[in-house]
Amino acid sequence: MVVRALLRLSTFDLGAIFIVIDTADNIDLTVTTPLVSMIVPVYNSITYLAETLDSLLVQDVSEEELEVVIVDDGSDDGSEKMVDEYATRHPNFRVIHQEQSGGPASPCNEGVWASRGKYFFILGSDDVMAPGALRELVDVAEREHSDVVLAKLGSLGGRRTPASVYKKTVYDADLVEHKIFNTLAAVKLFRRDLVDITGAFHPPHLRVGSDQPFVAALFLAAKKFSICADREYVLIRRRDDGSNITKTFRSPIEYVDLSSAVLGAIVKGTEPGPLRDGVVRRTFRREIPQIVGRSFLDLSEGEQRTQMDRVREMLAPVYNDATAVHFDPRTRTKVDLMIDGDLDALREFIAWEQSTTGAPVVHDGTAFRYSVPAELATKIGSSRLHAPSMKAESRLTEVSSAGTVIEISARAIVVESETASSETLLRLRERSTGEEVDVPAETVRELNFSSGRGYEFHVQVDLGSYSLGVWDAYVVQRFGADEIVSRFGAQKAKGVPEDPVYLFSGGEEPRAVGKLYYTRGPGNLSVDLGFTLTKNELPEVAIRGIVQQGADGELAVLHVLGDGGIEFLANAPDGSWSVVPYTALKGDLYAVSLPAARLGRGASRQLIVRSGSGERKMPLPGPASLRVADSSDMAGASSTRHEGEHTVDIFRGAVGDLRIVGRRSARRAGREVKSLVRRLRGARGRDHR
């Protein structure tokens, strides 16, 4: 029997070097470096654990390339047995059992320290790796020489996932520009030697968020980042019983602990300057406001003063004019009071926040200000009571067009304002020149919500005289000389169509001259006049003529240029629409049967022409109307297809191609078109083009 003992000597650069000793006293030096180590910290996850571990078996990574390091943190629900069973069945699975530590920091550290791979990935024991995801991530790291590969996350059970970082795949991403510091969870692929370079670890005293200072340190040591956002690589779970540790209550003291650890890692990994000023934003926005929230009042006076001292110390190297703007104004006021040691004013200000049930901001005719009592405002002082930063919220409720006239109904409020605006208007700004046109809105009713004040309004504007270009829409709410301006259209009421709304020129056969559309990404409302940026996806249609078919209805001949299949719909007097039969002729001509029962009268005589993804609605002239095509009929289309052809010749050629249309015979349809040709000659002259 051969007895083998493994002694770990080094994990630096060359991987893990082991001395393998057997009973024959033979010594074999072996360098074992898996390509990637998957680290799975486990504590009482029996409900989800099998799904997590099974997902690691379908990663398109061989057993030689992948090691799975499972750290059982004193489980007692059967998880401890399940991980041993997996290790027995799969030789590349290793299990480390330890006594319960009380948090995720210790098992994560043990897993990282025990890992031997060139890369490592930490996966929660209730999360799932998408099939083949690890292979793709490692391939990106190898090809791009990336130190960190961020993988887009998906959700199980409604767990929130970061969005700003994963808008698109970027193989050479910037730490600040691409908002990488917004996500400090360890669910990423890291190059293993970053740990050796930095000495980073998960601080065991942090019950929640111990991965944040660890990841922050690795980020700041990394030289290249890649973001993979083409699909969801990891599915993170919100447990059915809500027991995710990140959802548990945290006291102000815990938030100070976490903020101190993250900011400490940032100070250690950066020099004073723009990089440091940029990466502190996340902690300033997320954790520090929790330190000075309502729970601060629950601490004893001694604890409050201790926390003030700790905040002053941790902010000393990172708080300046450039980073102060990361705070919202009220948080900035409270932080300034903490730094100055003004505990009484701080407690009164927090108490005022908690007692305010409505909007906390008023406009006094000169400026916006917080509605704090005058005595408290004096105690805080103007240099520490920072002016509110106002923003608006709007909701589009209806949008329509008739010709070049657009009509918009919406509602808008100024958030946190107790004062309603003196005027609401629609502002259209030409994107390339900056030209602005303000259109007064008609107030429908006033809105008074706990979140702010505003109005429901309606506005109508004729764009026929506007210059060609893209006009972006804004809502403007005026308070005397002050304006609160916001983009418009991203939020829409139920029933507001997402499809573009087209604008048409006047005349018997109106042409599309522009459209209202929603910008890609934010979804804000804009108008493109002349299709300078967007595409006209409507079919181009010209009516060549309409003749009566006795009591049965009418026959229309149309010239249609469009992509994809063609479909025609006519409207009945009751307003309903139905598909009508047609036959295709030569030269992009179509003969369309219009049954009498499906035709409206007067202005209600309309036809919809569908082609590909677009459709065109147009009025129908009366029967026996005569039109001769010219180059202006098909503006924007291929008007040269029939250049030089007589309209009479088009109809003559169409006669030979007519087939049965509805109930009419080809012979009868031919007679009607011949009649139309004769009348056309008499009306316009044979050689008219």
Original post:
Within the side chain of Ser355, is there an N or O that forms a donor-acceptor pair under 3.5 Å with the backbone of Trp352?
Top reply: yes
Original post:
With a 4.5 Å limit on heavy-atom distance, are the side chains of Val459 and Ile406 in contact?
Top reply: no
**OP:** May I ask you to test the Gln477-Glu423 pair for a side-chain heavy-atom distance under 4.5 Å?
**Re:** no
Subject >> Side-chain donor-acceptor pair present, Glu430, Thr433, cut-off under 3.5 Å >> reply: yes
Subject >> Centroid separation Tyr171 to Phe225 less than 6.0 Å >> reply: no
Original post:
Rounded to the nearest 0.5 Å, how far apart are CG of Leu346 and CG of Asp340?
Top reply: 10.5 Å
Subject >> For the student: nearest non-hydrogen atoms of Asp499 and Tyr518, plus distance >> reply: O-CE1, 4.4 Å
Subject >> Heavy-atom pair of closest approach, residues Val609 and Pro539 >> reply: O-CG, 3.4 Å
**OP:** Taking only Lys NZ, Arg NE, NH1 and NH2, and the carboxylate oxygens of Asp or Glu, determine whether Arg511 and Glu540 approach each other closer than 4.0 Å.
**Re:** no
Original post:
Would one find more than 12 heavy atoms of other residues, nucleotides or ligands at under 6.0 Å from atom CD of Glu483?
Top reply: yes
**OP:** With sequence neighbours excluded, give me every side-chain hydrogen bond (donor to acceptor under 3.5 Å, both in side chains) pair touching residues 442-453.
**Re:** Arg445-Glu456, Glu446-Arg453
**OP:** Using a cut-off of 6.0 Å, state whether more than 12 heavy atoms not belonging to Asp321 lie near its atom CG.
**Re:** no
**OP:** Apply side chain to side chain contact (heavy atoms under 4.5 Å, CB included) to Val592 and Val580, showing your working.
**Re:** CA-CA 7 Å; Val592 182; Val580 292; 3.7 Å; yes
Original post:
Within the side chain of His363, is there an N or O that forms a donor-acceptor pair under 3.5 Å with the backbone of Gly365?
Top reply: yes
Original post:
Would a distance-only check, ignoring hydrogens and angles, find a side-chain to backbone donor-acceptor pair under 3.5 Å from Ser417 to Thr419?
Top reply: yes
**OP:** Given side-chain hydrogen bond (donor to acceptor under 3.5 Å, both in side chains), test Asp277 with Thr323 step by step and report yes or no.
**Re:** CA-CA 6 Å; Asp277 294 344; Thr323 59; 5.3 Å; no
Subject >> Approximate separation, where rounding is to 0.5 Å, of Thr333 OG1 and Met338 CE >> reply: 13.5 Å
Subject >> His326 side chain near Val280 side chain, heavy-atom distance below 4.5 Å >> reply: yes
**OP:** For the residue pair His458 and Ser409, confirm or rule out a side-chain donor-acceptor distance under 3.5 Å.
**Re:** yes
**OP:** Considering non-hydrogen atoms only, spot the tightest contact between Gly523 and Lys492 and give its length.
**Re:** O-NZ, 3.6 Å
Original post:
Do we see a donor-acceptor contact under 3.5 Å between the side chains of His559 and Arg544?
Top reply: yes
**OP:** Give, for atom CD of Glu567 and atom CZ of Arg610, the distance between the pair rounded to the nearest 0.5 Å.
**Re:** 5.5 Å
Original post:
What's the shortest heavy-atom distance between Asp482 and Thr366, and which atoms?
Top reply: OD2-O, 3.5 Å
Subject >> Test item: Val170 and Lys168 side chains (from C-beta on) under 4.5 Å apart, heavy atoms >> reply: yes
**OP:** Answer whether the closest heavy-atom distance between the side chains of Arg429 and Trp471 falls below 4.5 Å.
**Re:** no
**OP:** Measure the CG-CZ distance between Leu525 and Phe488 for me, rounded to the nearest 0.5 Å.
**Re:** 6.5 Å
Original post:
Would Thr169 and Ile227 satisfy side chain to side chain contact (heavy atoms under 4.5 Å, CB included), going step by step from the backbone distance to the final call?
Top reply: CA-CA 5 Å; Thr169 293; Ile227 300 173; over 6 Å; no
Original post:
Do any pairs count as a side-chain hydrogen bond (donor to acceptor under 3.5 Å, both in side chains) and have a residue in residues 390-405, sequence neighbours left out, and if so which ones?
Top reply: Thr404-Asp462
**OP:** Could you tell me whether a side-chain N or O of Ser486 sits under 3.5 Å from a main-chain N or O of Ala392, the two making a donor and an acceptor?
**Re:** no
Subject >> OH-OH distance between Tyr502 and Tyr517, expressed to the nearest 0.5 angstrom >> reply: 12.0 Å
**OP:** Say whether Lys188 and Thr183, considering side chains only, have a donor N or O and an acceptor N or O under 3.5 Å apart.
**Re:** yes
Original post:
By side chain to side chain contact (heavy atoms under 4.5 Å, CB included), which residues pair with Arg294, not counting sequence neighbours?
Top reply: Asp298, Gln354
Original post:
Do Asp528 and Lys515 sit within salt-bridge range, that is, some charged N less than 4.0 Å from a carboxylate O?
Top reply: no
Original post:
Does a donor on one side chain sit under 3.5 Å from an acceptor on the other, for Arg487 and Ser526?
Top reply: yes
Original post:
Is the backbone of Ala151 close enough, under 3.5 Å, to the side chain of Tyr166 for a donor and an acceptor to pair up by distance?
Top reply: yes
**OP:** Carefully, step by step, assess Val560 and Ile566 under the rule side chain to side chain contact (heavy atoms under 4.5 Å, CB included).
**Re:** CA-CA 9 Å; Val560 181; Ile566 298 290; 3.8 Å; yes
Subject >> Residue pair Ser164 / Asn182, side-chain donor-acceptor N/O under 3.5 Å >> reply: yes
**OP:** Could you tell me whether Arg384 and Asp342 make a salt bridge, using a distance below 4.0 angstrom between a side-chain N and a carboxylate O?
**Re:** yes
Subject >> Flag, side chain of Tyr455 to backbone of Ser421, donor-acceptor distance under 3.5 Å >> reply: yes
Original post:
Got a donor-acceptor contact below 3.5 angstrom from the Lys224 side chain to the Glu144 backbone?
Top reply: yes
**OP:** Output yes when Arg276 and Glu271 qualify as a salt bridge under the 4.0 Å nitrogen-oxygen rule, no when they do not.
**Re:** no
Original post:
Which distance, rounded to the nearest 0.5 Å, do you find between the CD of Gln212 and the CG of Leu263?
Top reply: 10.5 Å
Original post:
Taking Lys334 for the side chain and Val292 for the main chain, is one N or O donor matched with an acceptor at less than 3.5 Å?
Top reply: yes
Original post:
Has the side chain of Tyr233 got a donor or acceptor atom that lies under 3.5 Å from a matching backbone atom of Leu150?
Top reply: no
Subject >> Shortest non-hydrogen separation from Leu396 to Val496 and the atoms involved >> reply: O-CG2, 3.6 Å
Original post:
Quick one: does Val176's side chain get under 4.5 Å of Phe181's, heavy atoms only?
Top reply: no
**OP:** Determine whether Phe327 and His386 make a side-chain contact, defined as any pair of heavy atoms from C-beta on separated by less than 4.5 Å.
**Re:** no
Subject >> Basic-acidic side-chain contact under 4.0 Å: Asp438, Arg478 >> reply: yes
Original post:
Taking the side chain as C-beta and beyond, is there a heavy-atom pair between Ile546 and Ile543 under 4.5 Å?
Top reply: yes
Subject >> Between Asp328 and Thr331: side-chain donor-acceptor atoms closer than 3.5 Å >> reply: yes
**OP:** Might you point out which heavy atoms bring Ala222 and Val148 nearest each other, and give the distance in Å?
**Re:** CB-CG2, 3.8 Å
**OP:** Check the pair Val437 / Arg427 against side chain to side chain contact (heavy atoms under 4.5 Å, CB included), numbers first and verdict last.
**Re:** CA-CA 6 Å; Val437 178; Arg427 175 169 293 165; over 6 Å; no
